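A quick write-up on the structure given underneath.
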Amino acid sequence: MKNKKLASCAVGISGIFIVACLTLTPMIRSNHVGAQKADQMKIEAAIESKEQEEKEKEFMSADYQDYVQSRIDTMEIAISDMQREVDRGDLPKENHEEFIIRIDKLSKILDIYNSASKGNKSKDISRSIEITDKLFEDLENFYDEMDAYNGLVVK
Amino acid sequence: MKKRKKVLTMSLALLITCSELGSVHKVSAATDSNYIGSKAATYAGNWYNGYNTTEYYKADLDCTNFVSQCLEKGGKKRSTKLPSYTDINYWRPHSATWESANYFKKYWVTQVKSAGKSISGMTKSEKSQYALDVISKITVGDVVQYGVGSDAMRHSQIVYKSRTISYGGKVWDMAQHTSPSKTINLHDYIRDTGYTYVRYYDMDQLK
């Protein structure tokens, strides 16, 4: 009788132990995974901030500023040179039309850039990067549009 | 028999040496040592935004007149006479070869090494590749012209400065008149404008 009681007690204890194990293990595991995720996010945020810092440093370098300025100067000169050609009035018809389209598109890209730059009065660096990236993206799109205008398929 | 062989070998060696000397001479003769590209570029930098009317004059469309001035300052010799304005065998101030882009081409293609290419059927990436190819072949004091056909050159620029930047690789700053500038990015200019023909001149390599 006593033995029976002892046996059922043992079964009860081991049952409780098993239930506790089954309940606690996932909780411990999820806590561990949660901590891992938080760490991962922290690392990612640190990398992102480091990358942004590097990008800002690069953007502010004299080398990059020169590069940006020379691309803007070239757009302005290209517009002015093509306008002069159009004004001369002796371009072949197909060139004349293309020059007018290029002048129009390049002028719009420059206008967008200039007004965005004007709006960034505080010269916020990350905003300046955005504006410049947009300018370069618009330029690439312009080249694509001119390829399409000339019926050229991008290889 | 042995003596004859020796004489034959010696004559052959002499012949080879002479022909080698000849080819070396030929290479050095093809280079115009009078032309110093950096001098031409210095003049371009000093006068890109002004007119040197003391020594020269201001033309109506001044780009080619300006490039010719730079070339003379770099060491190119002007012709001593000018039978007629459009005579393509002579180059001097107030001649068509001096101040008109297409006549400039007609004169200089006979004088120095140059290469021209139609870019009208090129996609943006092909133009970019072509521009990089031109960039790799020119140097300070060389000339690049743009037009709408091989015999329709309309604009002239001179290579002012080379820069290597971490973002765009090697960059040539071009100088020009008419719309004055000395910071034109050659790689972009070829892609931005609608010119369909480009010719560059290696000004110190005689033809």
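As the structure is a prediction and not an experimental result, all values here were calculated from the model. Keep in mind that the numbers below use all heavy atoms, side chains included, and drop hydrogens, waters and symmetry copies. In what follows, every chain begins at residue 1, and chains take the letters A, B, ... in the order their sequences are listed.
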Item checked: Heavy-atom contact with chain A under 4.5 Å, split by part of B/Tyr146 -> neither
Check: Does atom CD of A/Glu48 have more than 12 heavy-atom neighbours, drawn from other residues, nucleotides or ligands, at distances under 6.0 Å?
Finding: no
Check: Is it true that A/Asp147 and B/Lys127 make a salt bridge, defined as a side-chain N closer than 4.0 Å to a carboxylate O?
Finding: no
Notebook entry, point to check: Are there residues of residues 85-100 of chain B that reach to under 4.5 Å of chain A by heavy atoms, and which ones?
Noted result: none
Check: Out of B/Thr183, B/Thr193, B/Thr196, which one racks up the most heavy-atom pairs below 4.5 Å with chain A?
Finding: B/Thr193
Note to self: Is the shortest side-chain heavy-atom distance between B/Tyr189 and A/Asp81 below 4.5 Å?
What the structure shows: yes
Check: Would you call A/Arg102 and B/Asp192 a salt bridge, taking side-chain N to carboxylate O under 4.0 Å as the test?
Finding: no
Notebook entry, point to check: Using non-hydrogen atoms only, which part of A/Gln69 is less than 4.5 Å away from chain B: side chain, backbone, both, or neither?
Noted result: neither
Notebook entry, point to check: How long is the gap from CD1 on A/Ile72 to CG on B/Asn185, to the nearest 0.5 Å?
Noted result: 11.5 Å
Item checked: OH on A/Tyr67 to CG on B/Asp188, rounded to 0.5 Å -> 6.5 Å
Next item on the list: Evaluate whether atom CG of B/Asp60 has more than 12 neighbouring non-hydrogen atoms of other residues, nucleotides or ligands under 6.0 angstrom away.
Entry: no
Check: Taking every heavy-atom pair that is under 4.5 Å apart, which of A/Lys105, A/Arg84, A/Met75 has the most such pairs with chain B?
Finding: A/Arg84
Checklist line | Contacting moiety of A/Ile79, where chain B heavy atoms sit under 4.5 Å | finding: neither
Item checked: Verdict with supporting geometry, B/Val148 and A/Glu85, side-chain contact (heavy atoms from CB on, under 4.5 Å) -> CA-CA 11 Å; B/Val148 291; A/Glu85 293 285 10; over 6 Å; no
Check: How long is the span from the OG atom in B/Ser120 to the CG atom in A/Leu152, to the nearest 0.5 Å?
Finding: 8.5 Å
Notebook entry, point to check: Between B/Leu61 and chain A, which part of the residue has a heavy atom less than 4.5 Å away: side chain, backbone, both or neither?
Noted result: side chain
Notebook entry, point to check: Between B/Arg163, B/Arg191, B/Arg154, B/Gln176, which shows the greatest number of heavy-atom pairs under 4.5 Å with chain A?
Noted result: B/Arg154
Note to self: Is it the case that atom NZ in B/Lys39 sees more than 12 heavy atoms from other parts of the structure closer than 6.0 Å?
What the structure shows: no
Item checked: B/Met122 versus chain A, the contacting section by heavy-atom distance below 4.5 Å -> backbone
